[in-house]
Student: 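The structure's right below; bear with me while I get my questions together.
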Amino acid sequence: GRWVGDLMNEADRQGFRNRFQTFLTSGTSDSVVTLLHKEGRPVTFSVKGRVIRDDRGRFLHTYCALHNITKFQTDAEALRYKTRHDPLTGLYNREHFDAAVGTHLVAEDFPLTVIIGDIDGLKQTNDTFGRQQGDRQIRTAGRILAGCLREGEILARTGGDAFSIL
């Protein structure tokens, strides 16, 4: 057998050693671990484990049950992304933008600048040339605005033809 730490990337290995020592001391484990598949891709497991000791309390072995939660975790990440991003542009959405503004207000992180703008004539473009052309204009505007941001600034599509920058 191999030590499970050999199946981890280097960054996770040291933290795992500490967690494994805690497991041996406490006698139980309920955690999550990411191991490397033989093809090199990460696979995430939910781990439930128990240390088995003899009548004198000496270590005998461990029992661990691993459940592959990679798909669940990937689906959860995709859902988190969808709840914070606009599907047309890939930019943040209004909900994320409002939360970011709220965070700055609560932290009293001032001065705070908010820029709001929209695309003039988008309804006319949609009516004349169709929604696909209007969507193209929205995506183009988003790309142009995103290219103007400085580090730490947030751009969101906050309405049909509206964009906001924090």
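For the single chain, residues carry numbers from 1 onward in sequence order. Side chains are part of it too, since the values below use all heavy atoms of this structure and drop only hydrogens, waters and symmetry mates.
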Student: Does R13 CZ have over 12 foreign heavy atoms under 6.0 Å away?
Tutor: yes
Student: Looking only at non-hydrogen atoms, find the nearest pair between L91 and G142 and report the distance.
Tutor: CD1-CA, 3.8 Å
Student: Enter the distance from N68:CG to S46:OG here, rounded to the nearest 0.5 Å.
Tutor: 10.5 Å
Student: Does the side chain of L112 come within less than 4.5 Å of L166's, by heavy atoms?
Tutor: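 Yes, at least one pair of side-chain atoms sits under 4.5 Å.
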Student: In Å, rounded to the nearest 0.5 Å, how long is the span from CG of D54 to NE2 of H61?
Tutor: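 Between atom CG of D54 and atom NE2 of H61 there are 11.0 Å.
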Student: Give the intermediate values and the outcome of side chain to side chain contact (heavy atoms under 4.5 Å, CB included) for residues V32 and I69.
Tutor: CA-CA 9 Å; V32 173; I69 60 169; 4.2 Å; yes
Student: Quick check against the 3.5 Å criterion: does E77 have a side-chain atom that pairs as donor or acceptor with the backbone of T74?
Tutor: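 No; judged by distance alone, with no hydrogens or angles, the pair does not exist.
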Student: Report, one line per pair, each donor and acceptor closer than 3.5 Å where one atom sits in a side chain of residues 101-110; sequence neighbours left out.
Tutor:
unit_1 : atom_1 : unit_2 : atom_2 : d
T103   : OG1    : A99    : O      : 3.0
H104   : ND1    : D109   : OD2    : 2.7

Student: Under the criterion side-chain contact (heavy atoms from CB on, under 4.5 Å), which of L36, L35, D12, V43 is the partner of L7?
Tutor: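 Of the listed options, the one satisfying the test is L35.
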Student: Between T125 and Q133, do the side chains contain a donor N or O and an acceptor N or O under 3.5 Å apart?
Tutor: no
Student: Kindly indicate, with the supporting measurements, whether the criterion side chain to side chain contact (heavy atoms under 4.5 Å, CB included) is fulfilled by T28 and K48.
Tutor: CA-CA 8 Å; T28 62; K48 302 237 188 256; over 6 Å; no
Student: Any idea which heavy atoms bring G90 and H85 closest together, and the distance?
Tutor: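 That closest heavy-atom pairing would be O-CD2, 3.1 Å.
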Student: Are L145 and L88 connected in the hydrophobic side-chain network, where two residues link if heavy atoms are under 4.5 Å apart?
Tutor: yes
Student: May I ask you to decide if T83's main-chain N or O and N93's side chain share a donor-acceptor pair within less than 3.5 Å?
Tutor: yes
Student: Any side-chain heavy atom of P87 within less than 4.5 Å of one from K82?
Tutor: no
Student: Give a yes or no answer on whether the side chain of T34 reaches the backbone of P42 with a donor-acceptor pair at less than 3.5 Å.
Tutor: no
Student: Got a donor-acceptor contact below 3.5 angstrom from the H96 side chain to the Y92 backbone?
Tutor: no
Student: Do L66 and L24 belong to the same hydrophobic cluster, where Ile, Leu, Val, Met, Phe, Trp and Tyr are linked whenever their side-chain heavy atoms lie under 4.5 Å apart, directly or via other members?
Tutor: yes
Student: Give me the atom names and distance for the closest heavy-atom approach of F163 to I138.
Tutor: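 Heavy atoms of F163 and I138 come nearest at CZ-O, 3.6 Å.
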Student: With rounding to the nearest 0.5 angstrom, report the OG to CD1 distance, S164 to I154.
Tutor: 11.0 Å
Student: Okay, side chain of R157, backbone of G159: is any donor-acceptor separation there less than 3.5 Å?
Tutor: yes
Student: Can you list the steps and then say if T70 with R41 is a side chain to side chain contact (heavy atoms under 4.5 Å, CB included)?
Tutor: CA-CA 11 Å; T70 305; R41 62 183 161 79; over 6 Å; no
Student: Report yes if some heavy atom in the side chain of E153 is under 4.5 Å from a heavy atom in the side chain of L155; otherwise report no.
Tutor: no
Student: Give the intermediate values and the outcome of side chain to side chain contact (heavy atoms under 4.5 Å, CB included) for residues T44 and V33.
Tutor: CA-CA 6 Å; T44 304; V33 65; over 6 Å; no
Student: Can you list every salt bridge (charged side-chain N to carboxylate O under 4.0 Å, His left out) pair that touches residues 122-136, not counting sequence neighbours?
Tutor: K123-D127
